[in-house]
2 protein chains.
Amino acid sequence: MTDDVMTIREMCAAYDVTPRTLRFYESKELLSPIRKGQKRLFTRRDRARLTLILRGKRFGFSLEDIRQLLDLYHLGDQQRTQIERTLAVARERLQEMRQKHAELETAIEELSHQISTGEQTLSKTATGQPDT
Amino acid sequence: MTDDVMTIREMCAAYDVTPRTLRFYESKELLSPIRKGQKRLFTRRDRARLTLILRGKRFGFSLEDIRQLLDLYHLGDQQRTQIERTLAVARERLQEMRQKHAELETAIEELSHQISTGEQTLSKTATGQPDT
DNA sequence: CGTTATGCTTACGTCAACGTCAAGCAATCT
DNA sequence: AGATTGCTTGACGTTGACGTAAGCATAACG
């Protein structure tokens with residue numbers, strides 16, 4: 001099991017990102033692959049974090065937001081006050097997410113309503129063809 | 001009821017946006033306020049659209065995406081093929097939104113789980129207190 | 001009638017999140 | 001050895017969504 005770690009290429013393939021993206025995330029301290037000489041080796045921890053990063057992005061969180069949240073997922077040797085601040089951030093984000101979730105539900109309903117209205121408009125003005 | 005229309009300042013106050021933003025949206029053909037001489041007057045239609053624009057943005061849609069979706073909300077004098085394309089776009093977006101909705105649900109559960117784990121960590125390492 | 005406020009247009013500035021080169025090691029293939 | 005391939009580190013370019021500043025017009029106030 002040498003593949004406890006992955007190279008940058010393997011990571012790119014696995015997560016569908018570019019090398020540039022991974023290096024960029026490292027520069028922003030979102031990832032911290034180990035260095036074998038010159039090269040980066042990404043651990044399970046990096047992979048878990050990347051999963052969370054990509055998910056966070058889909059929900060519209062900034063990388064900076066995500067960086068703060070990531071700490072939550074491996075509270076180890078941190079200071080108590082640090083943990084508390086992280087928790088506070090997390091609770092805020094959770095609130096935002098719940099809010100979004102609810103709004104999204106409304107928006108989905110509205111949009112799907114509009115779509116069926118549109119479909120009816122179409123079927124009435126059918127293309128030369130009468131109704132089936 | 002002269003306030004069938006609103007000035008740019010009123011709009012800014014009502015929707016918490018800047019004048020720049022409203023003019024920018026107009027330049028991108030997302031809004032089309034009428035002109036009284038030099039000045040812009042925003043109608044109910046503009047307001048409805050702005051509501052949808054801001055909502056769309058919260059869900060991570062680009063202004064261009066939103067511009068296409070907006071057409072759906074007032075299919076009037078359009079061409080049939082144009083309506084069909086709009087509907088196609090809308091269905092795609094609806095799919096995305098449903099996907100996001102589901103993912104968001106998962107993420108909410110995970111995050112809230114992590115938060116309670118974090119809280120327990122805190123309560124065990126209570127301030128200066130040894131384990132209970 | 002001067003000035004203060006508001007609005008308009010035009011144009012350049014900014015910030016996030018990368019993309020896209022350029023230039024240089026290092027290992028590997030021929 | 002030479003060439004190729006993969007990875008590295010800068011450094012500058014790009015796109016979307018505005019911010020900001022300059023300059024002029026119009027309107028309102030005193």
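Chain A is the first sequence line, chain B the second, and so forth, proteins listed ahead of strands; every chain is numbered from 1.
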Exercise for the section: Name all residues meeting the side-chain contact (heavy atoms from CB on, under 4.5 Å) criterion together with A:E92; count only those two or more places apart in sequence or in a different chain, and write none if there are none. Expected result: none
Problem - Check: A:A107 main-chain N/O paired with B:R55 side-chain donor or acceptor under 3.5 Å - result: no
Fill in the blank from the handout: Heavy-atom contacts, protein to nucleotides 4-21 of chain C, under 4.0 Å, summarised as B (base), S (sugar-phosphate only) or - (none) per nt, yield ---SSB-------BBBB-
Completion exercise
Hits for salt bridge (Lys or Arg N to Asp or Glu O under 4.0 Å) against A:E64, two or more places apart or cross-chain, chain-then-number order -> A:R67
Practice task
Check whether the side chains of A:Q95 and A:Q99 place a donor and an acceptor atom closer than 3.5 Å, and report yes or no.
Solution key: no
Practice task
May I ask you to decide if B:I108's main-chain N or O and A:R98's side chain share a donor-acceptor pair within less than 3.5 Å?
Solution key: no
Completion exercise
The first and last nucleotides of DNA chain D lying within contact of chain B, meaning any atom under 4.0 Å from one of its heavy atoms, run from D:dA17 to D:dT20
Completion exercise
residues 13-24 of chain B vs salt bridge (charged side-chain N to carboxylate O under 4.0 Å, His left out), sequence neighbours excluded, gives none
Practice task
With sequence neighbours excluded, tell me which residues meet salt bridge (Lys or Arg N to Asp or Glu O under 4.0 Å) with B:E96.
Solution key: B:R93
